[in-house]
Asks: 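Submitted below is the structure of interest, expressed as structure tokens.
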Amino acid sequence: MENPIEPKPKKVNKLIPIIAVVVVLVLVGSFVGLDYKNLVKTSTPPAKSNNTLYVYTGVSGPSNSEHLLGGCVVAEMKNGSTPAASAQLMAYLMSPAVQKACEVHTGFIPVDQGAYNSTPSSAVPSIYSKSNATADVTYYTSISAADESYITGVINNFMNKYPNIDVTVSFITAASMVEEVSSLVTGGSHANVVMTVDNLDVGVLVYDHYLASVNAAKITAGEGVISSISGLNSVEVQQFGGVYFLTQLVNIPLVWVDYTALQGAGISKVPTTYTALYNDAKILYKKYGVGEINMQGHGGASTPTELYQWMVQFGGNPMLFNDSGDIQAMEYMYNLSQYFSPDYKTSYWATYTGLASNSYSMMYYQWPGSVNLTKLGMKSYSSNDTVANESLAAIQGGVFLRSPVSWIGQWNTFMDKAWTAIVVDHTSSWTNIPSLLSSQNKAMYQFLQTNYNQKVANEYENGTYAPIGA
């Protein structure tokens, strides 16, 4: 049985096309099923000095090259007594100069084109006049403890600029934030609350109708919000009937490469198609005698998040598990897995040091906020090969968010089961991949029937919870 390393023709596509799709021509190849005994091994180790780091956006999928957005969104609690004051704080947080400073201090990538200028504009749309009465706003943020002092400074600067808006900052976890806001709304509170919350945790607040619909154009007026980011607002309107959150603090997965090791194996450029990645993986294995492609295969939320991007790039709807694109992505993973680094079973969000210690040559994919390879003695490929530049290129190429459903944790569990059976344990043959994924689809459907209701289960099966923006 030959296992194609590129996907079969698409049969369905349930995703909503709102961002320009990057069309990529790829070569088609195949190889005979996994046979570890006949793989060629040598003892030549990767280069161990002056390793050159190459960071880039990664391969372009058969359907698109869009990237999954991580990070936080900014939102406003509904029924606030002074919504204009809350909107003014949101506009300040989204302004180019503040975003640029945030990137410098926290590593989150700006979503405003102007923030990439050498001197970003400090202009902020005027929403709450200085002649208005004093208003109180509570600002919840789930940002890490290491960044609390920086955020405190940002809010102090805001209050100096807007002396009639008093802001109280509350540093709490995303889960606690959801509980606090839910309690306030159900209790009939009219407090002005702005929140910076993880893009998945916002789901409960959206679906339970605890957030205010915001005027995105007014809050970001005069800014050059990257089109693929502003395009997400259009899908929000389609899915939720309004814009209830704005993408604020962005982390976007990139590919990290030990370019020295690639050159040592005779590879002169990084792969830009799935066929090229597969072929390079074979070359690296033959050269170094061990798998050189590393993945986030640690399990938990790490692996499903990694797979989400791959499935979307294959044209799938990951929430369903068995969309034709989902199946094709897992078939590709099955084939590629024989060239995975042994480290993949323990790699997760912050794992990357093996790239500098010669455990592997490519890290597919890793969040920039977790990576500081230059601190480990790695050299950049070029002066323009920076995290900010590559992240901007990825954002401009197209982005999407996971649908912020409250049951994402259960989806993670089912996806991790599929990954373990197909890739880790190889308990299922390549030909059984579709049926195994369909069994996860059925399990998810039954879970929603039991723990939510038939309406949610039917919406799930009809592809309602597709990626936002893909």
Side-chain angles (χ1 to χ4, degrees), residues 3-17 21 24 26 58-68 200 253 274 277-278 295-297 299 301-337 364-365 398-403 405 407-448 457-470:
N3 304 339
I5 66 169
E6 294 292 348
K8 302 179 289 293
K10 286 285 294 172
K11 296 179 180 178
V12 295
N13 189 351
K14 300 176 181 176
L15 305 183
I16 304 172
V21 174
V24 181
V26 294
V59 292
S60 296
S63 295
N64 60 62
S65 61
E66 295 170 1
H67 282 66
L68 172 65
L200 284 181
Y274 282 103
L277 173 59
Y278 177 77
M295 308 284 291
Q296 290 186 14
S302 181
T303 302
T305 299
E306 172 91 357
L307 293 175
Y308 197 102
Q309 170 153 321
W310 286 80
M311 287 180 166
V312 171
Q313 290 187 334
F314 271 83
N317 178 352
M319 303 304 283
L320 291 174
F321 295 98
N322 62 346
D323 181 283
S324 63
D326 305 338
I327 294 171
Q328 292 159 19
M330 289 303 289
E331 289 173 342
Y332 180 85
M333 284 287 152
Y334 180 93
N335 289 340
L336 185 66
S337 65
Y364 268 85
Y365 287 81
V399 294
F400 56 89
L401 291 164
R402 285 167 287 183
S403 185
V405 293
W407 36 269
I408 191 68
Q410 187 60 50
W411 178 86
N412 285 342
T413 298
F414 288 141
M415 182 57 78
D416 201 29
K417 286 182 178 179
W419 166 266
T420 300
I422 295 170
V423 173
V424 179
D425 297 336
H426 292 292
T427 55
S428 177
S429 67
W430 185 85
T431 56
N432 290 333
I433 290 174
S435 62
L436 191 148
L437 291 174
S438 290
S439 69
Q440 302 307 318
N441 166 271
K442 182 178 180 180
M444 189 76 251
Y445 178 82
Q446 292 174 338
F447 173 87
L448 295 175
N458 290 341
E459 288 175 342
Y460 165 76
E461 194 61 25
N462 290 331
T464 299
Y465 305 107
I468 298 176

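Atoms considered below: every heavy atom in the structure, side chains included; atoms not considered: hydrogens, waters and symmetry mates. Since the model is a prediction, treat every value here as computed from it, not as a measurement.
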Asks: When the aromatic ring centroids of Y308 and W411 are compared, is their separation below 6.0 Å?
Replies: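 That pair passes the under 6.0 Å test.
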Asks: Is it the case that the side chain of H67 and the backbone of S65 share a donor-acceptor pair, with hydrogens and angles ignored and the cut-off at 3.5 Å?
Replies: yes
Asks: Does any non-hydrogen side-chain atom of P434 lie less than 4.5 Å from one of N322?
Replies: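 Sidechains of P434 and N322: no contact.
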Asks: What are the two closest heavy atoms between L437 and A418, and how far apart are they?
Replies: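 Minimum heavy-atom contact is CD2-CB, 3.9 Å.
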Asks: Any side-chain heavy atom of F321 within less than 4.5 Å of one from M330?
Replies: no
Asks: Report yes if the side chains of T303 and T420 come closer than 4.5 Å at any heavy-atom pair, otherwise no.
Replies: no
Asks: Given side chain to side chain contact (heavy atoms under 4.5 Å, CB included), test Q410 with M444 step by step and report yes or no.
Replies: CA-CA 8 Å; Q410 187 60 50; M444 189 76 251; 4.0 Å; yes
Asks: Walk me through it: do W430 and I422 pass the test side chain to side chain contact (heavy atoms under 4.5 Å, CB included)?
Replies: CA-CA 8 Å; W430 185 85; I422 295 170; over 6 Å; no
Asks: Under the side chain to side chain contact (heavy atoms under 4.5 Å, CB included) rule, what do V423 and M295 come out as? Steps first, then yes or no, please.
Replies: CA-CA 11 Å; V423 173; M295 308 284 291; over 6 Å; no
Asks: Taking the side chain as every heavy atom from C-beta outward, state whether L320 and Y465 have any pair of such atoms under 4.5 Å apart.
Replies: no
Asks: Starting at CD1 of I433, measure out to CG of N335 and round the result to the nearest 0.5 Å.
Replies: 7.5 Å
Asks: Please work out which of the three classes, parallel, tilted or perpendicular, describes the rings of Y274 and F314, given edges at 30° and 60°.
Replies: tilted
Asks: Would you say that Q296 contacts T305 through its side chain, given a criterion of any heavy-atom pair below 4.5 Å between the two side chains?
Replies: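 Side chain of Q296 against side chain of T305, heavy atoms only: no contact under 4.5 Å found.
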Asks: Could you go step by step and tell me if I468 and R402 meet the side chain to side chain contact (heavy atoms under 4.5 Å, CB included) rule?
Replies: CA-CA 6 Å; I468 298 176; R402 285 167 287 183; over 6 Å; no
Asks: Donor-acceptor pair, distance only, cut-off 3.5 Å: does the side chain of E66 make one with the backbone of Q313?
Replies: no
Asks: Could you grab the distance from atom CG of N432 to atom OG of S438, nearest 0.5 Å is fine?
Replies: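 Rounded to the nearest 0.5 Å, the CG-OG separation comes out at 11.0 Å.
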Asks: If you take all heavy atoms of N412 and A301, which pair is closest and at what distance?
Replies: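 Closest approach of N412 to A301, heavy atoms only: ND2-CB, 3.8 Å.
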Asks: Can you name the one residue among F447, F414, W407, Y445 that meets ring-ring contact (aromatic ring centres under 6.0 Å, His included) with Y460?
Replies: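 Among F447, F414, W407, Y445, the one that satisfies the ring-ring contact (aromatic ring centres under 6.0 Å, His included) with Y460 is W407.
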Asks: Output the distance between atom CD (Q309) and atom CG (L307), rounded to the nearest 0.5 Å.
Replies: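 The CG atom of L307 is 10.5 Å from CD of Q309, to the nearest 0.5 Å.
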Asks: Side-chain contact test, heavy atoms from C-beta onward, threshold under 4.5 Å: evaluate it for E306 versus Y364 and give yes or no.
Replies: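 The answer is yes; the side chains approach within 4.5 Å.
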Asks: Is there a donor-acceptor pair under 3.5 Å between the side chain of N462 and the backbone N or O of T464?
Replies: no
Asks: Give a yes or no answer on whether the side chain of Y365 reaches the backbone of W310 with a donor-acceptor pair at less than 3.5 Å.
Replies: no
Asks: For a quick test of reading the model, state the closest non-hydrogen atom pair linking P318 to D326 and the distance between them.
Replies: N-OD1, 3.5 Å
Asks: What distance separates I408 CD1 from S403 OG, expressed to the nearest 0.5 Å?
Replies: 8.0 Å
Asks: What pair of heavy atoms forms the shortest contact from L436 to A421, and how long is it?
Replies: CD1-CB, 3.6 Å
